[in-house]
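Single-structure report; data block below.
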Amino acid sequence: MTETEHARCDAAVTLAFSVLGKRWNGMILSTLSDEPLSFAVLRRSVGGISDAVLSDRLTELAGVGLVTREVSPGPPVSVSYGLTEAGQRLVPVLDQLGRWAAENLRSC
C-alpha cells in the first residue's frame, strides 16, 4: 500500500470512528436493523437517551447516509426512521466489532 493509500485509509477510518464512536450511535443503528421505527418507539428502545440527544444523533446519522427519515402526512403526521443500504451493510460490521471487543479488550 502506498503512502497516499495509507493516508486515504486512515482518513476513512478516522471519519468512521468520529461518527460510530459517539455514544448511542451504535445502539441506534442496531435498534433500527430490523425495521423502521417511529421516534417514540426508538426512544423507548434506546433506554436512557434524551429526546434532544436522539434527535441530534438521528440528524447526524441521516447526514452521513446511514439513516433515512420518512414523514407520513397523516393526520396525525408521523415520522419513521430506518437504515439506508449503507446502514444495513454496517450492522454486521458493528456486531463483529462488538464480539472482537468483548473477546480482546480489557475493561477499565
Side-chain angles (χ1 to χ4, degrees):
M1 192 179 275
T2 68
E3 188 175 327
T4 301
E5 290 169 328
H6 279 289
R8 202 175 7 232
C9 180
D10 184 55
V13 169
T14 299
L15 174 60
F17 279 108
S18 74
V19 173
L20 301 175
K22 289 187 180 172
R23 186 172 184 199
W24 306 112
N25 281 356
M27 189 178 289
I28 291 167
L29 292 168
S30 178
T31 302
L32 290 173
S33 66
D34 292 328
E35 63 184 332
L37 299 172
S38 69
F39 186 91
V41 171
L42 188 53
R43 185 186 65 234
R44 285 192 300 272
S45 300
V46 181
I49 193 169
S50 71
D51 287 357
V53 171
L54 179 56
S55 180
D56 287 346
R57 294 298 187 264
L58 288 168
T59 299
E60 177 183 31
L61 292 168
V64 296
L66 297 175
V67 170
T68 61
R69 180 179 187 268
E70 187 172 319
V71 179
S72 299
V77 173
S78 67
V79 179
S80 65
Y81 297 88
L83 294 182
T84 63
E85 185 177 325
Q88 287 288 353
R89 287 194 316 264
L90 180 58
V91 171
V93 175
L94 291 175
D95 291 342
Q96 186 176 18
L97 181 61
R99 283 191 302 277
W100 176 87
E103 293 169 2
N104 295 284
L105 298 179
R106 293 184 216 134
S107 59
C108 298

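Each residue takes its place number in the sequence, starting with 1.
- In this structure, CG in Leu58 is found 5.5 Å from CG in Leu42, a value given to the nearest 0.5 Å.
- Nearest heavy-atom pair across Met27 and Val46 is SD-CG1, 3.5 Å.
- One distance of note links OG1 of Thr68 with CD of Glu85; it measures 12.5 Å at 0.5 Å rounding.
- We find the CZ-CG distance between Arg44 and Leu37 to be 10.0 Å, quoted to the nearest 0.5 Å.
- Under the 4.5 Å side-chain contact rule for hydrophobic residues, Leu97 and Val13 share a cluster.
- Contact of the Leu32 side chain with the Val91 side chain is not registered, since no non-hydrogen atoms from C-beta on lie closer than 4.5 Å.
- Listed for the Thr59 side chain is a donor-acceptor partner under 3.5 Å among the backbone atoms of Ser55.
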Verdict with supporting geometry, Leu15 and Val64, side chain to side chain contact (heavy atoms under 4.5 Å, CB included): CA-CA 10 Å; Leu15 174 60; Val64 296; 5.7 Å; no
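- The shortest distance between side-chain heavy atoms of Val79 and Phe39 does not fall below 4.5 Å.
- Hydrophobic clustering of Ile, Leu, Val, Met, Phe, Trp and Tyr side chains at less than 4.5 Å, counting indirect connections, unites Val71 with Tyr81.
- Smallest separation of non-hydrogen atoms from Asn25 and Val19: ND2-O, 2.7 Å.
- Side-chain contact between Asp51 and Leu54: absent, with no pair of heavy atoms (C-beta onward) separated by less than 4.5 Å.
- For the atom pair OG (Ser50) and CG (Asp56), the distance works out to 8.0 Å, reported to the nearest 0.5 Å.
- Distance check, rounded to the nearest 0.5 Å: CG of Leu29 to CG of Leu94 gives 6.0 Å.
- Between Glu103 and Arg99 there is no salt bridge, since no side-chain nitrogen of the basic residue lies less than 4.0 Å from a carboxylate oxygen of the acidic one.
- For Ile28 against Ile49, the heavy-atom pair with the smallest separation is CD1-CD1, 4.2 Å.
- Note on Phe17: it does not cluster hydrophobically with Leu61, by side-chain heavy-atom contacts below 4.5 Å among ILVMFWY residues.
- When all heavy atoms of Val77 and Pro73 are compared, the closest pair comes out as CG2-O, 3.2 Å.
- Closest approach of Arg23 and Arg57 over heavy atoms only: O-NE, 3.1 Å.
- Checking side-chain atoms of Ser33 against main-chain N and O of Ser30 turns up a donor-acceptor pair under 3.5 Å.
- In this structure, Arg43 contributes its side chain and Gly48 its backbone to no donor-acceptor pair below 3.5 Å.
- Judged by distance alone, the side chain of Ser38 and the main-chain N or O of Ser80 form no donor-acceptor pair under 3.5 Å.
- Minimum heavy-atom separation, Trp24 to Val53: CD1-CG1, 3.7 Å.
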